[in-house]
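Down below is the structure, laid out as structure tokens.
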Amino acid sequence: MHKKIVKSIIPTVIIGSVVTSLALSSFLSSTGIGKAEAAAAASSSLSFTAAENNAPNRTIKTVRGLNTVTNLSSTVVLVNKQRNLPSSYVPQDLVIPRIPFSFSGPSPKKQMKRVAATALEKLFAAAKKDGIDLKAVSGFRSYATQKAIFERNARNKGEAVANKTSARPGQSEHQTGLSMDISSASVGYALEQSFGNTKEGKWLKANAPKYGFIIRYGKGKEKLTGYSYEPWHVRYVGVYIAGEITRQNLTLEQYLGQSH
């Protein structure tokens, strides 16, 4: 009986706002469904709307000949080789998460957007509780920093190879403030694919979605993401969407593409 009520009410509720979410939770609770189930249903409804509103074909415009994303403040902003961030874009709410880093001293790359930083603190606390020693390596990067990194890699490896392992300026998720590279002592805190085979890398893959993160560039997804496998690169998208992407074994491109 309860399942039928949930199934029939969700499509008819006007969703997309906090007020609606609270109303839906209240209704589901009044039917006898537990608070956890009510909250999950409301969260999934809002998350579906968020994904729909952030569908790739709705969040892009041409600026000086470049396909440029328009939903800069969204936690599911899609940035890749076809979707550029403005060169001047810097998130307004960058903070330094209270977690261990692989290096000491101040650096812009310790920063993340506040919502992602808070979630990452919880992820690191859970890792520590499980006896897993992780350290953050690189978070936010400005357009200028990414430009310098890509040009250096292109000189050393050639442009074609460089573009498989590093983003061109404006095409890096690090500029969104929603990503962090993570490593461990078992690989010398390097950003290497072998990290994925370590106990720390396996723990990160299994547990990141619980805190709203996905392994953005998954193994076997290279043709879809445009980049080589990066078990160290996590991207914040929110708990519900991270769970759905992981459960369905999708890329962020595929998940958002379902919503248009």
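No experiment lies behind these values; they were computed from the predicted model shown.
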- Task: Tell me, please, which residues at least two apart from E244 pass salt bridge (charged side-chain N to carboxylate O under 4.0 Å, His left out).
- Result: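 Scan of E244 (salt bridge (charged side-chain N to carboxylate O under 4.0 Å, His left out), adjacent residues dropped) gives R247.
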- For E200, what residues pass the salt bridge (charged side-chain N to carboxylate O under 4.0 Å, His left out) criterion, not counting sequence neighbours?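 E200 satisfies salt bridge (charged side-chain N to carboxylate O under 4.0 Å, His left out) with no other residue.
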At their closest point, which heavy atom of [X] faces which heavy atom of [Y], and how far apart are they?
X    : Y    : value
G170 : V79  : O-CG1, 3.9 Å
S194 : V187 : OG-CG1, 3.7 Å
Y227 : T165 : CD2-N, 4.5 Å
A190 : S183 : O-OG, 2.6 Å
P209 : T246 : CG-OG1, 3.3 Å
G177 : P91  : N-CG, 4.2 Å

- Message: As a quick check of understanding, evaluate side chain to side chain contact (heavy atoms under 4.5 Å, CB included) for T62 and T68, giving each step before the final call.
- Response: CA-CA 6 Å; T62 302; T68 305; over 6 Å; no
- Task: Under the side chain to side chain contact (heavy atoms under 4.5 Å, CB included) rule, what do R83 and N67 come out as? Steps first, then yes or no, please.
- Result: CA-CA 5 Å; R83 299 171 59 86; N67 290 330; 5.6 Å; no
For the atom pair [atom1] ([X]) and [atom2] ([Y]), what is the distance rounded to the nearest 0.5 Å?
X    : Y    : atom1 : atom2 : value
I245 : Y240 : CD1   : OH    : 11.0 Å
I182 : L134 : CD1   : CG    : 6.0 Å
L252 : T225 : CG    : OG1   : 11.0 Å
Q193 : W232 : CD    : CH2   : 6.0 Å
Q254 : L224 : CD    : CG    : 4.5 Å
F213 : H233 : CZ    : NE2   : 10.5 Å

Find out if a path of hydrophobic residues (ILVMFWY) with successive side-chain heavy-atom gaps under 4.5 Å connects [X] to [Y].
X    : Y    : answer
V77  : M180 : yes
L85  : Y217 : no
Y89  : V69  : yes
V237 : L204 : no
I215 : L123 : yes

- Within 6.0 Å of NZ in K81, more than 12 heavy atoms from elsewhere: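 Yes - once you tally the heavy atoms of other residues, nucleotides and ligands closer than 6.0 Å, there are more than 12.
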- Does Q92 CD have over 12 foreign heavy atoms under 6.0 Å away?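 No.
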- Message: According to salt bridge (Lys or Arg N to Asp or Glu O under 4.0 Å), does anything in residues 214-229 pair up with another residue at least two apart or in another chain? List the pairs.
- Response: E173-R216, R216-E253
Going by heavy atoms in the side chains, are [X] and [Y] under 4.5 Å from each other?
X    : Y    : value
D133 : S184 : no
L120 : Y236 : no
V76  : L78  : no

- Task: Scan T198, N197, L191 and name whichever one has a side-chain contact (heavy atoms from CB on, under 4.5 Å) with F195.
- Result: T198
- Query: Other hydrophobic cluster members with F150, side-chain heavy atoms of Ile/Leu/Val/Met/Phe/Trp/Tyr under 4.5 Å, chained?
  - Reply: none
Anything under 3.5 Å between a donor and an acceptor, one on a side chain of residues 96-116, the other on a protein residue two or more places apart or in another chain? List them.
unit_1, atom_1, unit_2, atom_2, d
S107, OG, K109, N, 3.2
K110, NZ, G105, O, 2.9
Q111, NE2, P108, O, 3.1

- Message: Once side-chain hydrogen bond (donor to acceptor under 3.5 Å, both in side chains) is applied, what residue pairs with a partner in residues 141-163 remain, sequence neighbours excluded?
- Response: S138-R141, R141-Q146, R141-H174, R141-D181, S142-T145, Q146-S172, K147-E151, N153-S166, E159-R168
